[in-house]
Amino acid sequence: MRRFMTSSVDVGRRTITEDMLIRRLAIGESAMCRTCGCGSDATTVRRLAADTEGVAQAREEIHSHDPDQGHRQSHRHLHDHSHPASDDDHSTLDLEARVLAKNDALAMKNRAWFAAREILALNLASSPGSGKTTILERTIAELNSVFPLYVIEGDQATTCDGERIRAAGAAVVQVNTGSGCHLDALMTANSVAALNPEFGSIVLIENVGNLVCPALFDLGEHAKCLIFSVTEGEDKLLKYPRMFMASDLVIINKIDLALHVDFNREQALANIRSVNQDTEVIFLSARSGEGLDMWCNWLRHQMKIIRGGNSIAGERVYLKQHEEIYRSELSANIVRARFWNEMHACCRRGGIRRPIA
C-alpha cells in the first residue's frame, strides 16, 4: 500500500516569509487559508480497503513566534489569541493571493489529468449535515454497475464517512484535514494517486462541510455541485452567495421534510436565480429516493460530455489561451479574486466547464 501525506503551512502574518512559503509550496506542501484559521494540523490521506488500510502518519506543524508577538514558546499554530494589526497587512494579502494562485496552478494540472483519461471529477460541497454522504451511498447503489465510481471523503477527523462509502461498494480515500476547513488541489492530487481511478470513471469528491473556503479553492474538478437541505431554509444561499455563484449544480436535499419545516420551493428557486442564473437545480430526497433519477441522469449526461471529447478539447483551448496571461499576472504578484472570476466567466462563455473556481 502506497502512503501519502500532505502537510499544512501557516500563512499567518509573521510566522513565515513569502520566500519560505513559495519554497514550501514548491516541494509539495499544502497551503491553507489564513483568514479561517485552518492549517495547524497535518493532513492525513487514508486509502480504505476491504482487507488493509494504508495510513499516512500525521505530523505536527510547530513554529516559534517572534519576540515582538508577546511570547517565545513554541506551540501548535492554532491558538485563541489575536495578533495586532500591522503595516504589512497588504503583504499578507499579496501572499494569500499567491497561495491561491499556486493552488489554481495545481488544479489546472489535475483538470488536464482527468480530461486526458475521460474521468468525470465532481466537487461536492455543502454545510455539515446536508446529506452529502447519504446521496453518495444512493448514487453508488444506482450507478456502480454502470460506471466505475471512486470517492474522496474530506473531513476534519475520523473515517466514519469513508467507512460508509466503502460499505456501499466504492473505492474510497479518507482525507482528514485536522483544523483545515476545505480540501485543496494538492490533497486532491495525492488522493487521486492513492485511488488510481481507471479510464472513463467518476471521481466524487466530498469536500469538508463548509460553505466558505471550498468556494475559493479549485480542485481541478469538472463541476462544483452544491448540496443544501430544506432544513437550512430558503435564505441559505443569500447568506453564502459566493458558494452558490461558483456552483454548476445545486441539489436541494431532504425534500421529504419540506412540509414539516415550511420550506418554500418557489422562493428557494427565486433566491438561487438571483445569485446564479446559470446553475442547474435538482430537488431530491436521499432518504426516499425521490428525484434521485434526475441526479443520476445528470451524471450520465456529464459522462457523455466527457466521453465526447468536449472536456479534452476545452482543456487544450483553455491552457493555450490563458497560460501566458496567467503567468504574467502571477509574476507581477497582483492576482486577485476579480481576476479569477473574470477568467471563469470568460471560459464559461467559451463552453469550458469549471476551469477555475
Side-chain angles (χ1 to χ4, degrees), residues 2 4-11 16 18-34 38-39 42-45 56 94-117 119-123 125 150 152 154 173 175 177 180-197 203 205-208 213-224 246 311-312 314-316 318-320 322-331 333 335-337 339-341 343-344 347 352-357:
R2 298 179 65 184
F4 299 87
M5 180 179 70
T6 62
S7 58
S8 53
V9 179
D10 172 20
V11 292
I16 59 175
E18 177 177 301
D19 289 341
M20 289 170 61
L21 176 63
I22 300 302
R23 185 164 60 252
R24 291 184 182 186
L25 291 171
I27 62 175
E29 289 188 323
S30 168
M32 293 287 197
C33 52
R34 174 189 64 84
C38 65
T43 299
T44 59
V45 178
D94 288 340
L95 181 56
E96 290 168 0
R98 289 172 67 88
V99 171
L100 288 172
K102 179 65 177 183
N103 180 82
D104 286 328
L106 293 171
M108 288 172 62
K109 295 180 180 179
N110 289 348
R111 184 170 289 106
W113 191 92
F114 288 134
R117 291 157 182 80
I119 293 174
L120 173 63
L122 300 176
N123 183 1
Y150 299 83
I152 298 173
V173 162
V175 181
T177 61
C181 62
H182 58 85
L183 300 180
D184 62 22
L186 181 57
M187 297 177 196
T188 302
N190 287 346
S191 299
V192 169
L195 279 174
N196 192 25
V203 175
I205 308 168
E206 181 176 343
N207 216 317
V208 179
C213 292
L216 301 175
F217 283 78
D218 184 14
L219 307 181
E221 69 272 9
H222 173 74
K224 267 191 175 69
S311 178
I312 297 176
E315 194 65 40
R316 289 172 179 169
Y318 168 72
L319 292 175
K320 181 177 180 180
H322 298 292
E323 182 178 8
E324 183 176 351
I325 187 171
Y326 173 83
R327 291 183 181 277
S328 63
E329 293 288 348
L330 180 59
S331 62
N333 196 24
V335 181
R336 292 292 185 271
F339 171 73
W340 300 119
N341 289 338
M343 290 277 282
H344 176 216
C347 292
I352 305 172
R353 303 286 287 183
R354 299 304 307 155
I356 288 181

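Note that the coordinates shown come from a computational prediction; the quantities given were computed from them, not determined experimentally. All residue numbers refer to positions in the sequence shown, counting from 1.
- Taking CG of Leu122 as the reference point, atom CD of Glu206 lies at 12.5 Å (rounded to 0.5 Å).
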Apply side-chain hydrogen bond (donor to acceptor under 3.5 Å, both in side chains) to the pair Asp218 and Asn103, showing each step before the final yes or no. CA-CA 7 Å; Asp218 184 14; Asn103 180 82; over 6 Å; no

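- Of all heavy-atom pairs between Gly154 and Leu183, the closest is CA-CD2, 4.1 Å.
- Take Val192 and apply the side-chain contact (heavy atoms from CB on, under 4.5 Å) test, not counting sequence neighbours, and it matches Trp113, Phe114, Ile152, Thr188, Pro197.
- Annotation: the span from His222 atom NE2 to Ile205 atom CD1 amounts to 12.5 Å, rounded to 0.5 Å.
- Listed here is the closest heavy atom pair of Ala107 and Ala185: N-CB, 3.6 Å.
- Rounding to the nearest 0.5 Å gives a distance of 9.0 Å between CG of Asp104 and CZ of Phe217.
- Remark: of the listed residues Leu219, Val173, Leu106, Thr177, Thr177 is the sole one forming a side chain to side chain contact (heavy atoms under 4.5 Å, CB included) with Met187.
- Asn110 contributes atom CG, which lies 8.5 Å from atom CG of Leu186 (distance to the nearest 0.5 angstrom).
- For the atom pair Lys224 NZ and Asn207 CG, the distance stands at 8.0 Å (nearest 0.5 Å).
- Asn190 contributes atom CG, which lies 11.5 Å from atom CG of Leu195 (distance to the nearest 0.5 angstrom).
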